[in-house]
Amino acid sequence: MSALRFSTRFNPMLSNRFFIQTNSLLFSFSSPLSPSLKIPSKSFRCSFNSLLHSNGGTSRSFSNSSPISGLEDELVGYIFGKKKATEVAHLVWRHVLHKGDVVIDATCGNGHDTVAMLKMVADESGRGCVYGMDIQTEALENTSSLLDETVTQKEKELVKLFPICHSRMDEVLPENTAVRLVAFNLGYLPGGDKGIITTSKTTLLALETAKKMLMSGGLISLVVYVGHPGGREELETVEGFASGLCVDDWICCKFQMLNRPLAPLLVFIFKR
Ligand SMILES: C[S@@+](CC[C@H](N)C(=O)[O-])C[C@H]1O[C@@H](n2cnc3c(N)ncnc32)[C@H](O)[C@@H]1O
């Protein structure tokens, strides 16, 4: 996996440089010494494109030069703590999704991700579909309530909720459905029982299933938490899965704050 490691070794008092690190390369950028931490986005854009091209040739299924070109400002927001990991994930989804797409929320929780992806895929003629799942009925009830509060009845009808483990996601979709996004927001239900968490074993099974179901040009998106017992092991499982994917067919990257060891991480697995 080409790990795009963002080191926030940017200290406006001491230095006007910050760094982006891949497996083997370290890029350093100049930035004006300003209190607003303004980054020269032009140089940032060039760098992201070249990083992704160096990860295995040209893209076949993405219309842009890279699946994340145009997202530089959001990524800078994440680096400097102005955007939450989930917000960055949503922005990447928006970049990949089209109206009418079929998507999977593999961990519904309180429904925020379900609502976000529904808004991106639902169109006026009633196309688009979100398959959502969670092992806790409390989570599915919360998701259903949030949908009632935030979307129309017509939009809600495009969501199908299932009380199952995400390793069984293939059982609830019609065979050969073209799936554009499978999203995981791992860990425990916020506000719920912190003892009920996603586990390495079933997360890996779900990733293997998602890999088979994803269409070309699709994305497996993961927000990974490492602050709870088992979280770091689960991250290693996700990294091991992504690292083993063929570079000709997949683009895999990780966003991690090196000096905030408990901050959530983002893993994006793009299918070319
Ligand atoms: C961090 S929460 C998800 C947050 C949610 N996406 C949101 O927007 O509010 C993680 C959820 O994963 C669920 N979960 C745990 N193991 C699971 C499994 N094997 N299959 C499906 N869901 C699971 C938990 O019950 C919990 O609700």
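Just so you know, these numbers use all the heavy atoms, side chains as well, and skip hydrogens, waters and symmetry mates. Bear in mind the structure is a predicted one, so any value in this text is a computation, not a measurement. Each ligand, and each atom within it, is numbered from 1 in the order the structure gives. By convention here, the first residue in the shown sequence is residue 1.
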Colleague: At what distance is the nearest protein heavy atom to atom 9 (O) of ligand 1, and which residue and atom is it?
Modeller: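 The closest heavy atom on the protein side is N110 N, 2.9 Å.
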Colleague: Y225 vs Y188, test: side-chain contact (heavy atoms from CB on, under 4.5 Å). Steps then yes/no.
Modeller: CA-CA 9 Å; Y225 303 86; Y188 56 81; over 6 Å; no
Colleague: Can you figure out which of T202, D134, L189 has its heavy atom closest to atom 25 (O) of ligand 1?
Modeller: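 Selected option, by shortest heavy-atom distance: D134.
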Colleague: May I ask you to list the atoms of ligand 1 that are less than 4.0 angstrom from any heavy atom of G187?
Modeller: 10 (C)
Colleague: Report yes or no: do S144 and K156 form a side-chain donor-acceptor pair below 3.5 Å?
Modeller: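 Indeed, the side chains of S144 and K156 share at least one donor-acceptor pair under 3.5 Å.
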Colleague: Indicate the atoms forming the closest heavy-atom contact of T202 with T199, along with that distance.
Modeller: OG1-OG1, 2.8 Å
Colleague: Can you tell me if D101 uses its side chain to pair, donor with acceptor, with the backbone of C129 under 3.5 Å?
Modeller: no
Colleague: Please state whether A106 comes within less than 4.0 angstrom of ligand 1, counting heavy atoms only.
Modeller: yes
Colleague: To which protein heavy atom is atom 8 (O) of ligand 1 closest, and what is the distance rounded to 0.1 Å?
Modeller: D113 N, 2.9 Å
Colleague: Would you mind running through ligand 1 and noting each atom that sits below 4.0 Å from a heavy atom of Q136?
Modeller: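 Answer for ligand 1: 24 (C), 25 (O).
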Colleague: In terms of side-chain geometry, is the basic nitrogen of R272 or D248 positioned less than 4.0 Å from the acidic oxygen of its partner?
Modeller: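 The answer is no: the pair does not qualify as a salt bridge.
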Colleague: Could you list the atoms of ligand 1 found under 4.0 angstrom from a heavy atom of G111?
Modeller: 7 (C), 9 (O)
Colleague: Can you check which of L140, D105, T107, L205 brings a heavy atom nearest to atom 12 (O) of ligand 1?
Modeller: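 Shortest heavy-atom distance from atom 12 (O) of ligand 1: T107.
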Colleague: To the nearest 0.1 Å, how far is atom 23 (C) of ligand 1 from its closest protein heavy atom, and which atom is that?
Modeller: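 Going by distance alone, atom 23 (C) of ligand 1 is nearest to I135 CG1, 3.7 Å.
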Colleague: Identify, for atom 2 (S) of ligand 1, the protein heavy atom at the shortest distance, and state residue, atom and that distance.
Modeller: Y188 O, 3.3 Å
Colleague: Record the part of L186 in heavy-atom contact with ligand 1 below 4.0 Å; permitted values are side chain, backbone, both and neither.
Modeller: backbone
Colleague: Looking at ligand 1, does T143 have a heavy atom less than 4.0 Å from it?
Modeller: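 No, T143 has no heavy atom closer than 4.0 Å to ligand 1.
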Colleague: Could you find the nearest protein heavy atom to atom 20 (N) of ligand 1 and give me its residue, atom name and distance?
Modeller: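 In this structure, atom 20 (N) of ligand 1 has H166 N, 2.9 Å as its nearest protein heavy atom.
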Colleague: Less than 3.5 Å apart, any donor N or O on the side chain of H90 or D113 sitting next to an acceptor on the other?
Modeller: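 The answer is yes; a qualifying pair exists.
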Colleague: With no hydrogens and no angle check, do the side chains of T198 and E234 hold a donor and an acceptor under 3.5 Å apart?
Modeller: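 Result is yes, a qualifying pair exists.
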Colleague: Give yes if a backbone or side-chain nitrogen or oxygen of Y225 is under 3.5 Å from a nitrogen or oxygen of ligand 1, and no if not.
Modeller: no
Colleague: Can you tell me which residue and heavy atom of the protein come closest to atom 15 (C) of ligand 1, and the distance to 0.1 Å?
Modeller: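 Its nearest protein heavy-atom neighbour is T198 CG2, 3.4 Å.
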Colleague: Quick one: do the T203 and S200 side chains pair a donor with an acceptor below 3.5 Å?
Modeller: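 On atom types as modelled, these side chains do not qualify, holding no pair under 3.5 Å.
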Colleague: Please determine whether a side-chain nitrogen of the Lys or Arg among E157 and K154 lies less than 4.0 Å from a carboxylate oxygen of the Asp or Glu.
Modeller: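 No salt bridge links E157 with K154.
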Colleague: I need the nearest protein heavy-atom contact for atom 10 (C) of ligand 1: residue, atom name and distance, please.
Modeller: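 Closest protein heavy atom to atom 10 (C) of ligand 1: N185 O, 3.2 Å.
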Colleague: Just wondering, more than 12 heavy atoms not from K99 lying within 6.0 Å of its NZ?
Modeller: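 Above 12, so yes.
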Colleague: Considering only protein heavy atoms, which is closest to atom 7 (C) of ligand 1, and at what distance to one decimal place?
Modeller: C108 O, 3.4 Å
Colleague: List every atom of ligand 1 that sits less than 4.0 Å from any heavy atom of H112, numbering the atoms from 1 in the order shown and giving each element.
Modeller: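 That gives atoms 7 (C), 8 (O), 9 (O) of ligand 1.
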Colleague: Can you give me the closest heavy-atom contact between T114 and C108, atom names plus distance?
Modeller: OG1-SG, 3.7 Å
